[in-house]
Amino acid sequence: MTGPDAVVVGAGVNGLVAANLVADAGWSVVVLEQQPTAGGAVRTDGEVAEGFQHDTFSAFYPFAVASPVLTGLDLGRWGLRWRHAPAVLGNPLPDGTWALLTRDREADADRFERAHPGDGAAWLELVGQWDHVGASLMGSLLSPFPPARHGVPLLARLAREPGLPTARTLLSGVRSLGEERFGGQAPRLLLAGNAGHADFSPEGAGSGIFGLIMTMLGQTVGFPAPEGGAGALTEALVRRLEAHGGEVRVGVEVSQVEVAAGRTVGVRTASGERIPAARAVLADVSAPALYGGLVADRHLPDRTRHGIRRFTWDPATVKVDWALSEPVPWDPGPEVAPGCVHLGDSVDELTITAAQVSAGHVPARPFMLAGQMTTTDPSRSPAGTESLWAYAHVPQSVRGDAGPDGLTGDWDGGDAERFADRMQARIERYAPGFGARVLTRRVLSPTELERRDANLVGGAVNGGTAQLQQALVFRPVPGLGRAGTPVRGLFLASASAHPGGGVHGAPGANAARAALAADRRRFLSRVPRPGR
Ligand SMILES: Cc1cc2nc3c(=O)[nH]c(=O)nc-3n(C[C@H](O)[C@H](O)[C@H](O)COP(=O)(O)OP(=O)(O)OC[C@H]3O[C@@H](n4cnc5c(N)ncnc54)[C@H](O)[C@@H]3O)c2cc1C
């Protein structure tokens, strides 16, 4: 029985990127997706309220517009249009001001300067240094590790940029980075809050570089969102794939990767169907799912079986979507309306919240990431209303509640709703009258997030912790820092692989390139050499 050249398991952004790239190389490819719709964590739905579109999971895509992988697919040709809010990001502060980031560096520097003399020049210096190294840094991060093509030019540029935060500062904490450079609260909090998009505390190793990257991407490319909803990005990827002969089958759960003589030969679905793969299987599933069930233990070396037991998930998440009759009544309002909003009162508060989550306590004052989506893209809800979401991290395993409500982590038994009340109260404090504008809300508990996408185990948003001990060559397990797996012809294509979570398509592209290269080597090894 012949099948396609490649089977891709999972139609998340990484699966779809992988499928597009192998299709570009002339391979036939079928993508099998467990859910009724493609997209994984890049989907939009209209189930919260009539006329409102909500991104079920992710919403803002700075990585996508900075990623050579996704820009290389020219998705504008396939219908993708980007929208930007007037300001990129805002964080209301207890003193009645806002920490604001826009795409206008001079205006941001002016604002920082007014709040703390000296910070304006320090800001412009930092952004100027990013101009020199940003593209190489992104190229290095989004290519297989170690990054040969971009890494060497990056080292040369870093050597010529004496004022750039030292490797020591970047690899250490975003708190030190902010405190060494700025006297005011706003730039420090923007940097630290941006590190909180992954599971970094302000002191965490690697939080400096992550916070810097997110902040500088915000400054230079913004936090754009697809017109019509996150799902429009997925639709463009699917359209492009189908135009190149690929196929996406939804509602098909893969239950086994089939292996014969150390090589994958295809997959078996939960309904018992066998789908052979002539050249490769690319798995956009979590590493623990791949090495903890889909591939039978007997095909894996001890190193992988033992290594995967130590795989660390990032924290769980509670996400709330609101349909509002009017925009959020921030008081005082920001000078320029941001699309993305952080709710964290200070860098110290972020430290305390991260410590509570690490210690297994539901945070008393959760650090919240929110999205004002109609402010960003007016097509998301009727004129004069707002489609809003926010999420906050909670522990994967709850040992107590740092707040007053006695939450035990029984998310489906009412704790998710009560935690959503805690989140809503945080908004109400900065926007009195918020509750009166809520038409309806939907709470996605950690378990519900996982039900809607099996890769989001316990509501983990990044395919595994982003911390240094599980990054680069240590991702997903030490020694398997590349897309290749111990099974020939099988490649890990998901955010569990380097460089991890975020919508940039790099794990999918790395897997596709590794599959194509392995196939070329296989072909060449079979070509008889002259004289033999
Ligand atoms: C709530 C939330 C908010 C986020 N916000 C942002 C953001 O604003 N910006 C950003 O850049 N990133 C954000 N992220 C992270 C980003 O969305 C993910 O890192 C990225 O989408 C992961 O893509 P993926 O293709 O690796 O996996 P996924 O998107 O999880 O896709 C995996 C797919 O595989 C399918 N699948 C799994 N197992 C099987 C199986 N056995 N058989 C068949 N199909 C299977 C799943 O159903 C899913 O469709 C967010 C994530 C979450 C959850």
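Counting starts at 1 for both ligands and their atoms, in listed order.
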Short N or O distance, [X] and ligand 1, threshold 3.5 Å exclusive:
X    : answer
F63  : no
V13  : yes
A454 : no
G502 : yes
D284 : yes
V42  : no

Just which atoms of ligand 1 are under 4.0 Å from any heavy atom in [X]?
X    : result
A495 : 26 (O)
L32  : 43 (C), 44 (N)
A59  : 7 (C), 8 (O)
N14  : 23 (O), 24 (P), 25 (O), 26 (O)
E253 : 42 (N)
G12  : 25 (O), 29 (O), 31 (O), 33 (C)
Y391 : 3 (C)
A41  : 17 (O), 21 (O), 28 (P), 29 (O)

request  = Consider only side-chain N and O atoms of T44 and D55, and report whether a donor and an acceptor are under 3.5 Å apart.
outcome  =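 A donor-acceptor contact under 3.5 Å links the two side chains.
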
Judged on heavy-atom distance to [atom], which of [options] sits nearest?
atom                    : options                : answer
atom 53 (C) of ligand 1 : V250, V461, V285, N462 : V461
atom 39 (C) of ligand 1 : H197, M214, Q34, E33   : Q34
atom 14 (N) of ligand 1 : S286, A493, S58, A270  : S58

task = Just need the protein heavy atom nearest to atom 28 (P) of ligand 1, so name the residue and atom and give the distance.
result =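 The answer is D453 OD2, 3.5 Å.
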
ask   = Any idea which protein heavy atom is nearest atom 11 (O) of ligand 1, and the distance to it?
value =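 Looking only at protein heavy atoms, the one closest to atom 11 (O) of ligand 1 is V503 N, 2.9 Å.
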
query = Between R418 and D421, is the closest basic N to carboxylate O distance under 4.0 Å?
reply =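 Salt bridge: no.
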
query = Going by the angle between their ring planes, with limits at 30° and 60°, are H197 and F223 parallel, tilted or perpendicular?
reply = perpendicular

Are any of the side-chain heavy atoms of [X] and [Y] separated by less than 4.5 Å?
X    : Y    : answer
L16  : V248 : yes
W411 : V398 : yes
T485 : Y291 : yes
R422 : R426 : no
V341 : W330 : yes

Ligand 1 versus [X], non-hydrogen atoms closer than 4.0 Å: side chain, backbone, both, neither?
X    : answer
V252 : backbone
L456 : side chain
N455 : side chain

request  = Measure the distances from the heavy atoms of T317 to every atom of ligand 1 and state whether one is below 4.0 angstrom.
outcome  =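 Flag not set, T317 not near ligand 1.
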
query = What do the steps show when you test T312 against T465 for side-chain hydrogen bond (donor to acceptor under 3.5 Å, both in side chains), and what is the final call?
reply = CA-CA 6 Å; T312 310; T465 182; over 6 Å; no

request  = Tell me, please, which residues at least two apart from D284 pass side-chain contact (heavy atoms from CB on, under 4.5 Å).
outcome  =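 For D284, the residues satisfying side-chain contact (heavy atoms from CB on, under 4.5 Å) (neighbours in sequence not counted) are N14, N455, S494.
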
remark   = side-chain hydrogen bond (donor to acceptor under 3.5 Å, both in side chains) pairs touching residues 216-233, sequence neighbours excluded, are R83-E227, D108-Q219, W123-Q219

query = Mind checking whether F367 and H342 have ring centres under 6.0 Å apart?
reply = yes

request  = Report the residue from H54, R452, R442 that forms a side-chain hydrogen bond (donor to acceptor under 3.5 Å, both in side chains) with D45.
outcome  = R442

